[in-house]
Structure formats: structure tokens, C-alpha cells
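We're numbering straight along the sequence, starting at 1. Worth saying up front: this structure is predicted, and the values here are computed from it rather than measured.
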Amino acid sequence: MVHNVPAAMRNRLLGSTCLLGAWLVTGCESPPAPTDSDFPPASLPTPAAEGGEASLTASNCNVLAAKAVTASADDGNVPSNTQDDDLATRWSAQGTGVWLQMDLGNVQALTGTTIAWHRGNERQNHFVLSTSQDGVTFTQAYAGDSALNTSAQTTSFSSRNARYVRITVNGNTVNDWSSIAETRACAAAAPPSTSDSGTALPRLPYLQSVKQTSAIVAFRTATPCTPSVRYGEGTNLTSTVSAGVAGTRHAVKLSGLSAGRTYGYVVEACGSRTGLRSFQTSTLSTATRAHFTAMGDFGTGGSAQAKVMAVMAQPAWRSELLLALGDNAYPDGTDAEFQAHLFTPMAGLLREVPMFATPGNHEYVTNQAQPYLDNLYLPANNPAGTERYYSFDWGPVHFLSLDSNCAVGLASADRCTLSAQRAWAEADLAANTRPWTVAFFHHPSWSSGEHGSQLTMRRQFGPLFEKYGVDLVLTGHDHDYERSKPMFGDAMASSTQRGIPYLVVGSGGATLRAFATPQPTWSAERDAAAYGFLDVTVDGGTLVARLITSSNTVRDTLTLKKTLPTAARVQASALEDAEGRDTPPAPVDGPGPRVDSPVPPADTAESVADPEDRFLRP
């Protein structure tokens, strides 16, 4: 029932000189829209009287934090007020059937909702609770009336999996206003702790080969044991998988996952337990959005790398996956350097963001990048069964990772050949159905930096990129940032040619090197003064790549646009169909406990110099 506004209230809202009828229409301003505060409460406790702001106290509820909250309407008291842990603020809206909706970010096991109603001690609210996994189809979980008090009231319902919780209010016993001070969803059980316990693992978990239905959690223990990983959607860790073999080096595969979902996991090994961390699986071919970051020449363990990582860890730049463009562990790519210069300084990020890497020339110093292969668990979807080059899909993007060391003569024929890699790359690109394609490798096809352009990579693979519509090429090697204009063949693309921008992102942490020559005409932007990484978002027919510096500024922006054919958005690729058959061949166990000597950071120009001239520099 909608109640009339009392006459005294109407008199207060109307100006003293306004008359009814025509005068009200022509001579006076319209009265202001009422808010829920226009109906004064009989008696409410004030936070100030209690010594400060009142906060939410929820009983019988394992509280879950909402990632976002929206509403069908509001009167200026916005939905986010219901998540600020302050009972003095609120969300308000007028009308029967208005609703407030919490998005938990991923599917969780829910058993109820707790609500602190604004002015709940003087009116009972008629409300319905509904849940949904996709935000489109909702199922009613409860319908009833609130209790007549201002305390947080927990309403329980049968356990269900949901991502969204909607509170629909159909007025109250006084008027048709809906006002909620605080609300939270309730989990079926308290989520696992995010803190590590027990003896610290010598190498914390890091994510590898994350796909639509599986992921690898790799880590190391100080002593041999047979660890296990508990995992599940959200914080509901309902599955457990054992490493299956005792040892110190472990790679545990999580199976039975669903595409585009967020999963939590906990490692239990040798009496230690890691805190809860989460990651997102690769999205389907029908997805239109993707977010990834990329950087090269970063593995120093030094101060510049630390500053870049500090910015990359911020929520605004936290991506779904990271592309590592080579020279990931200076100076020689040894096992100890991978630990000290990659896994230790990047531990926090790699626990939640999968890294897809390509080897650099510094990795090739030690046994032609064998430690690189032993430390990473990358796709091996090529006839040679090697992780040196591979491809994978993530939503609307097809990624092609090449080993440029094969092309420049650093690999022996038994490890990798240019002809075999090129033949595989052409077949892979020909089979690709994703609307966007990104290629990445170490040695740059276009660069005006110290090393210059690598012509073998340009002339062997450039024609394939042009033939099969590669949109963006990312490289490293030169310790700077440079973006070319759209290139075709050995020159800038003409108005009738579809050119490709080539980016050098070698500013991830190794000592920067100044440009020795003037900027060439084909170079659109270059910078040798700022450390940083590339942040790339894909949304439908638009790709935006931004260079983010270690001072958290945007140094350069590239925007690409294209019209997407409908078929490209719905057709699955061969990679999607066959991803279960792709098992990385890297070893999963070590010979036993090992003690490495401390490895100093590679934080000087000499320590990151190329092997052939490391001792020739002044």
C-alpha cells in the first residue's frame, strides 16, 4: 500500500507564496523529490552517541565480500553505501519492487544473507531474496518480512551455488521506501585463511598452462613429500588432487574446471599450508573480452624490477595472464637465478596470474635454456613436443609464442630448427579462428635500440604474420620501449596494405640503454628512460595497449580497431577441442633437497649484458 504524505510535510515542501492550481504550475518551482529522510524516525540510536560510526555485526553468517553492488534505482543514497561497514549510511529507493544486487565476483556456496535495515525498528520490510549464477536467470531463495529492530538480520536458505544475490523490496508497513544500511551474502562455511602456515615453502605456488578446463600449480618443498592441492570454485574448495609422487619439485594438475570461472586453491605439503589464492580459467571462444600484460628483460631480482612489480600488482593492472618476453632470469638462466630473479620477486603475482613465457638469449647461456624448460610447465602443442614454441587461446585472442633463438643460431639442431618452427607456425596460424592474434618472442623484428632489428625473424615470420592476419607482435631484447608504425615487409605499410605494429617491451627491470641513433621514420614512439610493462585489453573489435611505467603513469597508448565477423566469435578452434591432450613434458620431481648459494641481483649494466660482450663493456 502507498501511504499519503502528511499535510504538514506537504506544507513544509511548498513555498509560502505558492497557491494551488494554476499558480502552482506557472509561478512556483516544483517541490523537491522526497527522500526516505523526509519521514523522521521515532527514535533511532546515533553512531555519534555510541562513540563513533556504527559498523555491521552479523551473527550466524560467514560473511562474503561483494566485488560490486548495483541497484534498480536510488535517491542519491547509492548502493555502495551498503558495503562500507557504516550503519550511518544507506541505499534508498522508492517504489514497490526496487532491488539491490550483490556480485560476489565468482560462484560461491551460499546459505543466506544478512541485512541491517535502515529504520528497521519502526517498520517491517517485505522482501524477496533471489540468487543467480549468470546475473540473468534468478531463482527465489526466500520471501518474507524483516524483524522489527535495527540489528543485522541473517536470513538462511538452502545451500546453493551462486554469484549474484538480489534483494527485492516490496515496500514496508509504513510506506513504499526501501532502505538498507548494510548487507552481506553468507557462505556455507568460513573461507580458508589467506595466510600461509607452517614452514615456508622454498618456492611458493605459481600457475602454469591455465586453460579452460585445467591448470597446473607448481611449487617446491625443502624435503621430499607427497603434497596435495585443494581447489574449487570461489572459496568452496571441494576437490583435492595429490601430486602422486614424493619429491621436492612438484607440478600438480587441476582438472574438471569450467571456462572463464574463478577458482581458489590451497597447497598442503610437508606440514605446510599456503593461504588461499585464486585465478581465472581461460574463457571460451565466444568471449569478447580479455586482459593481459607483457614485459621482457625483467629477471634481475633488482630494484627496478621490484618497482615494476609493485605497480603491476595494483588492482587496476591485475590481468588474467602475463606474457614474459624473454631474459626472464639474468645473467645466465640457471636454476638458482630463476629462483632468485623470477620466482622470489614475483611470487605474489605468479600465485594468481599464470605466466606464459618465451626464452631469451640469456636463458640460452645455460645448456640452451634447459633450466628454463625445467622450471616452467608450458604448452607443448607442436609435432616436436617442445615447450620452446607453442600457441594457446584465451577468449577472443590467439597467442603464438616463438623461440627466436632458433632463428638466430643459438639452438642446436637437436633442440630446435627454424624450418620446423616456421612450418608449425604457418599451420597453427592457418587453423586459428579467434578474431585477434598476438605473436610474441624475444629478438625484435623492428628496433632502433642497441641490437637493432633482427632481420631473420622479420623475413622468415613477417610474411606469415601478414598472410594470416596477426594483429600485434611483442618482443624484448633491447632494454627500452619502442612501438613501430604499421609495418609490411621491410617498410611502413602503404594505404592499401594491412600493416602490423611491432612493439619492443624490454623495460621490465634490466638496466635501460639509451638510443644511440635518431628516431627513424618507421618508429612511432620510443622511450629509454622509464621502466614498465604493457597492459593490453581486448573488448569486442577494439584492442588497447598501454605502456605503464614504474611510477604508475601511462607513457604510450596504441588502439587497434577491427570489424569482427560473427563466425569468428562462435567457432571453436582446434586448440579448444584438443586442450586436454596437451601435457607439458617438464620434470615434476627433483633428486632431493638442495641448498643454493645466495644469488646477487643482476642490477648493473654489466650483469645484464649479452654473453658475447659481457666482459667487453667499460
All side-chain hydrogen bond (donor to acceptor under 3.5 Å, both in side chains) counterparts of [X], not counting sequence neighbours:
X      : value
Thr542 : Lys561
Gln108 : Asn106, Thr235
Tyr206 : Arg203

May I have all residue pairs that pass salt bridge (charged side-chain N to carboxylate O under 4.0 Å, His left out) and include part of residues 346-355, sequence neighbours excluded? Asp196-Arg351, Arg318-Glu352

Is any side-chain heavy atom of [X] less than 4.5 Å from a side-chain heavy atom of [Y]?
X      : Y      : result
Phe157 : Thr113 : yes
Met102 : Leu64  : no
Arg546 : Thr557 : yes
Arg119 : Arg90  : no
Arg123 : His118 : yes
Asp393 : Gln212 : no
Asn77  : Thr89  : no
Val128 : Trp99  : no

Taking the six-membered ring for Trp, are the ring centroids of Phe292 and Phe399 within less than 6.0 Å of each other?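 Aromatic pair counts; centres sit under 6.0 Å.
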
Which residues pass the side-chain contact (heavy atoms from CB on, under 4.5 Å) test with [X], not counting sequence neighbours?
X      : answer
Pro79  : Val69, Ala71, Asp74, Trp91, Leu100
Asn552 : Val311, Gln314, Trp317, Ile548
Ala215 : Val210, Leu257, Phe279
Thr553 : Thr549, Ser551

With no hydrogens and no angle check, do the side chains of [X] and [Y] hold a donor and an acceptor under 3.5 Å apart?
X      : Y      : result
Thr154 : Asn60  : no
Asn432 : Thr437 : yes
Asn375 : Arg220 : yes

Got a donor-acceptor contact below 3.5 angstrom from the [X] side chain to the [Y] backbone?
X      : Y      : answer
Glu387 : Pro379 : no
Thr281 : Ser258 : yes
Ser146 : Asn125 : yes
Ser209 : Tyr377 : yes
Gln140 : Leu129 : no
Gln339 : Pro202 : yes

Salt bridge (charged side-chain N to carboxylate O under 4.0 Å, His left out) partners of Asp103, counting only residues at least two apart: Arg163

What pairs with Glu268 under salt bridge (charged side-chain N to carboxylate O under 4.0 Å, His left out), at least two apart in sequence or on another chain?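 So Glu268 forms a salt bridge (charged side-chain N to carboxylate O under 4.0 Å, His left out) with Arg230, Arg273.
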
For Tyr142, which residues count as a ring pair (Phe, Tyr, Trp, His ring centres under 6.0 Å) partner, sequence neighbours excluded? Phe127

Between Asn381 and Ser391, does the side-chain hydrogen bond (donor to acceptor under 3.5 Å, both in side chains) criterion hold? Intermediate values first, please. CA-CA 7 Å; Asn381 56 331; Ser391 66; 3.1 Å; yes

Parallel, tilted or perpendicular: which fits the ring planes of Trp394 and Phe356, with parallel below 30° and perpendicular above 60°? perpendicular

Take Trp177 and Asp75, measure what side chain to side chain contact (heavy atoms under 4.5 Å, CB included) needs, and give me the verdict at the end. CA-CA 10 Å; Trp177 278 94; Asp75 66 347; 3.5 Å; yes

Suppose the criterion is ring pair (Phe, Tyr, Trp, His ring centres under 6.0 Å): which pairs have a residue in residues 215-245, not counting sequence neighbours? Phe219-His250

